Amino acid sequence: MRLRAVLFDMDGTLLDTAPDFIAICQAMRAERGLPPIADKLIRDEISGGARAMVAATFSMDPQAPGFEELRLEFLERYQRDCAVHTKLFDGMEELLVDIEKAHLVWGVVTNKPLRFAQPIMERLGLAQRSAVLICPDHVTHSKPDPEPMILACKMLDLDPASVLFVGDDLRDIESGRDAGTKTAAVRFGYIHPDDNPSHWGADVVVDHPSELRKVLDNAVCSC
């Protein structure tokens with residue numbers, strides 16, 4: 001079946017959101033008189049969400065007293081500064097232009113709450129270009145459940161078999177596969193050091209957004 005649409009996970013796939021997460025975590029440490037930690041310690045935990053990043057930032061158990069206050073502070077800061085340093089990954093703008101020139105549609109399916117995802121898309125000038133934005137607010141079950149992907153395909157009025165879903169986490173691949181889409185795993189995203197995208201069962205694994213341009217013409221997407 002001919003490819004009709006490309007859907008992206010947001011953090012670590014379409015957008016490099018790590019700089020904003022890192023800036024917030026380091027600022028929270030500094031304001032408490034703590035020295036900075038290696039940025040990589042924060043980046044490696046992004047896929048685990050705010051809880052994982054705060055735990056890494058303060059070497060703190062999520063069940064420890066005071067942890068929830070830190071997590072809520074992190075989220076408050078992020079809502080205010082969620083698109084200060086965030087940008088498209090290198091090569092992603094060119095890929096989006098190629099997708100649009102090929103008269104395909106593209107969109108975003110993310111586990112990031114709408115209150116963060118929508119402002120980011122708007123501030124980066126992507127909201128008007130994206131055909132769909134699916135967040136946990138729109139569904140009962142988030143990825144790895146297939147529900148978000150099924151909803152995205154329904155809103156686009158497309159057969160899932162004509163859609164490619166691109167992500168940097170096993171949850172993305174499982175969600176796309178179970179919804180019936182083609183899947184692409186990216187190695188340039190926020191992948192935990194103990195994880196390996198080659199083991200996720202994606203139809204294809206790429207190292208750079210430019211490689212996805214080739215995927216658009218590959219039989220794995222068009223058959």
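The chain is numbered in sequence order, starting from 1. If you're wondering where the values come from, they're calculated on a predicted model, not measured in any experiment.
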Could you tell me whether the side chains of Trp200 and Asp195 share a donor-acceptor contact shorter than 3.5 Å? yes

For Glu100, check side-chain contact (heavy atoms from CB on, under 4.5 Å) against everything at least two apart and list the hits. Trp106, Arg129

Could I get the full list of side-chain contact (heavy atoms from CB on, under 4.5 Å) partners for His138, not counting sequence neighbours? Leu114, Ile134, Cys135, Leu151

Under a single-linkage definition using a 4.5 Å side-chain heavy-atom cutoff for Ile, Leu, Val, Met, Phe, Trp and Tyr, are Leu212 and Phe165 assigned to the same hydrophobic cluster? no

Sort and list the pairs that fulfil side-chain hydrogen bond (donor to acceptor under 3.5 Å, both in side chains) and have at least one residue in residues 56-68, not counting sequence neighbours. Glu68-Arg71

Taking every non-hydrogen atom, the tightest pair across Pro136 and Asn111: CG-O, 3.2 Å

In the structure I gave you, are the side-chain heavy atoms of Lys87 and Leu124 within less than 4.5 Å of one another anywhere? no

Taking all non-hydrogen atoms of both residues, which atom of Ser162 and which atom of Leu3 are closest, and how far apart? O-CD1, 3.4 Å

Listed partners of Asp194 passing salt bridge (Lys or Arg N to Asp or Glu O under 4.0 Å), at least two apart: none

Qualifying residues under side-chain hydrogen bond (donor to acceptor under 3.5 Å, both in side chains), relative to Asp159, sequence neighbours excluded: none

Measure from the side-chain N and O atoms of Arg213 to the backbone N and O of Leu95, and report whether any donor-acceptor pair falls under 3.5 Å. no

Set of residues satisfying salt bridge (Lys or Arg N to Asp or Glu O under 4.0 Å) with respect to Glu31, sequence neighbours excluded: Arg77

With sequence neighbours excluded, residues passing ring-ring contact (aromatic ring centres under 6.0 Å, His included) with Phe116: Tyr78

Under 3.5 Å side-chain donor-acceptor pair for Asp90 and His208: yes

Tell me the closest heavy-atom pair linking Glu45 and Ala52, and the distance in Å. O-CB, 3.6 Å

Please answer whether the main-chain N or O of Ala184 pairs with a side-chain N or O of Asp203 as donor and acceptor at a distance below 3.5 Å. no

Under the rule for side-chain contact (heavy atoms from CB on, under 4.5 Å), what residues qualify as partners of Asp157, not counting sequence neighbours? none

Just by modelled atom types, is the His85 backbone N or O under 3.5 Å from a matching donor or acceptor in the Asp20 side chain? yes

Can you sort out the partners of Asp44 under salt bridge (Lys or Arg N to Asp or Glu O under 4.0 Å), two or more places apart, ordered by chain and number? Lys40

Donor-acceptor check, side chain of Thr13 to backbone of Asp168, threshold 3.5 angstrom: yes or no? yes

Drop me the distance from Arg29's CZ to Ile42's CD1, to the nearest 0.5 angstrom. 8.0 Å

Short question: side chain of Glu147, backbone of Thr140 - any donor-acceptor pair under 3.5 Å? yes

What is the minimum heavy-atom distance between Phe89 and Leu15, and which atoms define it? CE1-O, 3.1 Å

Can any side-chain N or O of Arg171 pair as donor or acceptor with the backbone N or O of Ser142 at less than 3.5 Å? no

Taking the basic N atoms (NZ, or NE/NH1/NH2) and the acidic carboxylate oxygens, is any pair closer than 4.0 Å for Arg32 and Glu69? no

With sequence neighbours excluded, what pairs up with Lys154 under the side-chain contact (heavy atoms from CB on, under 4.5 Å) test? none

Salt bridge (Lys or Arg N to Asp or Glu O under 4.0 Å) with Asp9: which residues, sequence neighbours excluded? Lys143

Within the distance-only criterion (no hydrogens, no angle test), does the side chain of Asp207 pair as donor or acceptor with the backbone N or O of Arg187 below 3.5 angstrom? no

Starting at SG of Cys82, measure out to CG of Leu75 and round the result to the nearest 0.5 Å. 11.5 Å

For Pro197 and Ile191, which heavy atoms make the closest approach, and how far apart are they? CG-CD1, 3.3 Å

Exercise: identify the closest heavy-atom pair between Ala117 and Thr110: CB-CG2, 4.3 Å

Checking one residue: Ile150. Which other hydrophobic residues are in its cluster under the side-chain 4.5 Å linking rule? none

With heavy-atom distances below 4.5 Å as the criterion, would you say the side chains of Asp16 and Phe188 are in contact? no

